[in-house]
Amino acid sequence: MTMNHLLDDARNRKYAVGGFNVFNLETLCAVVEVAEELKTPLVLGITERFYKFVDVETLSAAMVRAAQKSAVPIVLHLDHGHTYEGIIKAIRWGFTSVMFDGSNLPVSENLKRTKELTRIAHSLGVSVEGELGYVGCCEHVDDINEDNIVTCDVAADFVEKTKIDALAVSVGNKHGAYRGTTKLNTTRLGQLSTVVSVPLVMHGGANLSCEDYSNSIKCGISKINIPTDTSMAASEKLKKELLDNPGANYIYLMSAVKKGVKESVRKYMLHFNCISKAM
């Protein structure tokens, strides 16, 4: 299904859908299996920057097939699309939702491009996520300040003019694995939820506290992206297995990686209040 159908329910019933990026069959199967076990809705994603590392056309076919077979509602989502060409490719491959990330552009240019891509995507029955503000990286611990946080008037105007279906916002969140104490501006988040007519999305959702997740959902977040920990869980599990069993064959290692990813995904889904919401 599309993002607007999935997130409207999350917004109304006060839970968050997990947005999990995958990059091979092991991670794809792991994420879908946990969603089915816990009966949770799911956003399966891949970012445009991975096009040069992964055969995305082939992986997309597997994602489409997994969604068609699944007993839970699944959105196939292009995360952080930056180019018209990359976004159109995802739509042709069968993705039901795309994101145009113009957050590094001046707001006026971001609005212009997002509006045009939304017009195209909506004509093809595909939902669109936009982004406002600056969601930094955890490697740059001091790169978030009040100037980077989205204001209510800008957000409301952006959503009204672009006609997007979901809005990713900067309220102190960062991409990557958090180090130290987070400083989410939940007051601003609550204000944004009041003035913006579409569900809100949090990028950089890895390793927040239980309280952060709960407060963010209460204040209007309907999707939380967890791309970093999917990759980290896979690599950490692989390193551990190679240390414990240096002679392990690749088939065994793939199974171990899948198990590690499932453990990580399950942990997040339990925080998002989304269990059994697909029933």
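Remember, it's a predicted structure, so these values are computed and weren't measured experimentally.
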Student: Quick one: do Glu37 and Lys262 make a salt bridge, cutoff under 4.0 Å?
Tutor: yes
Student: Tell me, yes or no, whether the heavy-atom count around Glu116 atom CD, taken from other residues, nucleotides or ligands under 6.0 Å, exceeds 12.
Tutor: yes
Student: Would you call the rings of Phe50 and Phe53 parallel, tilted or perpendicular if under 30° counts as parallel and over 60° as perpendicular?
Tutor: perpendicular
Student: Does Leu243, at its CG atom, have more than 12 non-hydrogen atoms belonging to other residues, nucleotides or ligands within less than 6.0 Å?
Tutor: yes
Student: At what distance, to the nearest 0.5 angstrom, does OG of Ser170 lie from CE of Met202?
Tutor: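 If we round to the nearest 0.5 Å, Ser170:OG and Met202:CE are 10.0 Å apart.
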Student: Look at the side chain of Asn110 and the backbone N and O of Glu131, then say whether any donor-acceptor pair between them is shorter than 3.5 Å.
Tutor: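 Looks like yes, one N/O pair under 3.5 Å.
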Student: Does a side-chain N-to-carboxylate-O contact under 4.0 Å join Glu129 and Lys223?
Tutor: yes
Student: Taking everything shown except Lys240 itself, do over 12 heavy atoms lie less than 6.0 Å from its NZ?
Tutor: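 It does not: Lys240 NZ has 12 such atoms or fewer within range.
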Student: Can a salt bridge be assigned to the pair Glu263 and Lys267 using a cut-off of 4.0 Å between side-chain N and carboxylate O?
Tutor: no
Student: Any luck finding a side-chain donor-acceptor pair between Thr2 and Ser127 under 3.5 Å?
Tutor: no
Student: Tell me whether Ser255 contacts the main-chain N or O of Ile251 through its side chain, where contact means a donor paired with an acceptor under 3.5 Å.
Tutor: no
Student: Would you say Lys89 and Phe95 make side-chain contact, with heavy atoms under 4.5 Å?
Tutor: no
Student: Using modelled atom types only, decide if a donor and an acceptor are shared between the side chain of Ser214 and the backbone of Cys210 within a distance under 3.5 Å.
Tutor: no
Student: How about CZ on Arg92, more than 12 heavy atoms from neighbouring residues, nucleotides or ligands closer than 6.0 Å, or not?
Tutor: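 For Arg92, atom CZ is not crowded (no more than 12 foreign heavy atoms under 6.0 Å).
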Student: Can you confirm whether Glu109 is buried at CD, in the sense that more than 12 heavy atoms of other residues, nucleotides or ligands lie under 6.0 Å from that atom?
Tutor: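 Counting neighbours around CD of Glu109, more than 12 heavy atoms of other residues, nucleotides or ligands fall under 6.0 Å, so yes.
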Student: What donor-acceptor contacts under 3.5 angstrom involve side-chain atoms of residues 21-29, with partners at least two apart or in another chain?
Tutor:
unit_1, atom_1, unit_2, atom_2, d
Asn21, ND2, Asp79, OD2, 3.1
Asn24, OD1, Glu26, N, 3.3
Asn24, OD1, Thr27, N, 2.9
Asn24, OD1, Thr27, OG1, 2.8
Asn24, ND2, Glu26, OE1, 3.3
Thr27, OG1, Phe23, N, 3.1
Thr27, OG1, Asn24, N, 3.2
Thr27, OG1, Asn24, O, 3.0

Student: Do we see a donor-acceptor contact under 3.5 Å between the side chains of Glu160 and Ser197?
Tutor: no
Student: Which of parallel (below 30°), tilted (30 to 60°) and perpendicular (above 60°) describes His80 and His203?
Tutor: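 His80 vs His203 ring planes: perpendicular.
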Student: Would you mind reporting whether Val150 and Val171 have side-chain heavy atoms less than 4.5 Å apart?
Tutor: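 A side-chain contact under 4.5 Å is absent here.
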Student: Could you check whether any side-chain heavy atom of Asp165 comes within less than 4.5 Å of a side-chain heavy atom of Val198, counting everything from C-beta outward?
Tutor: no
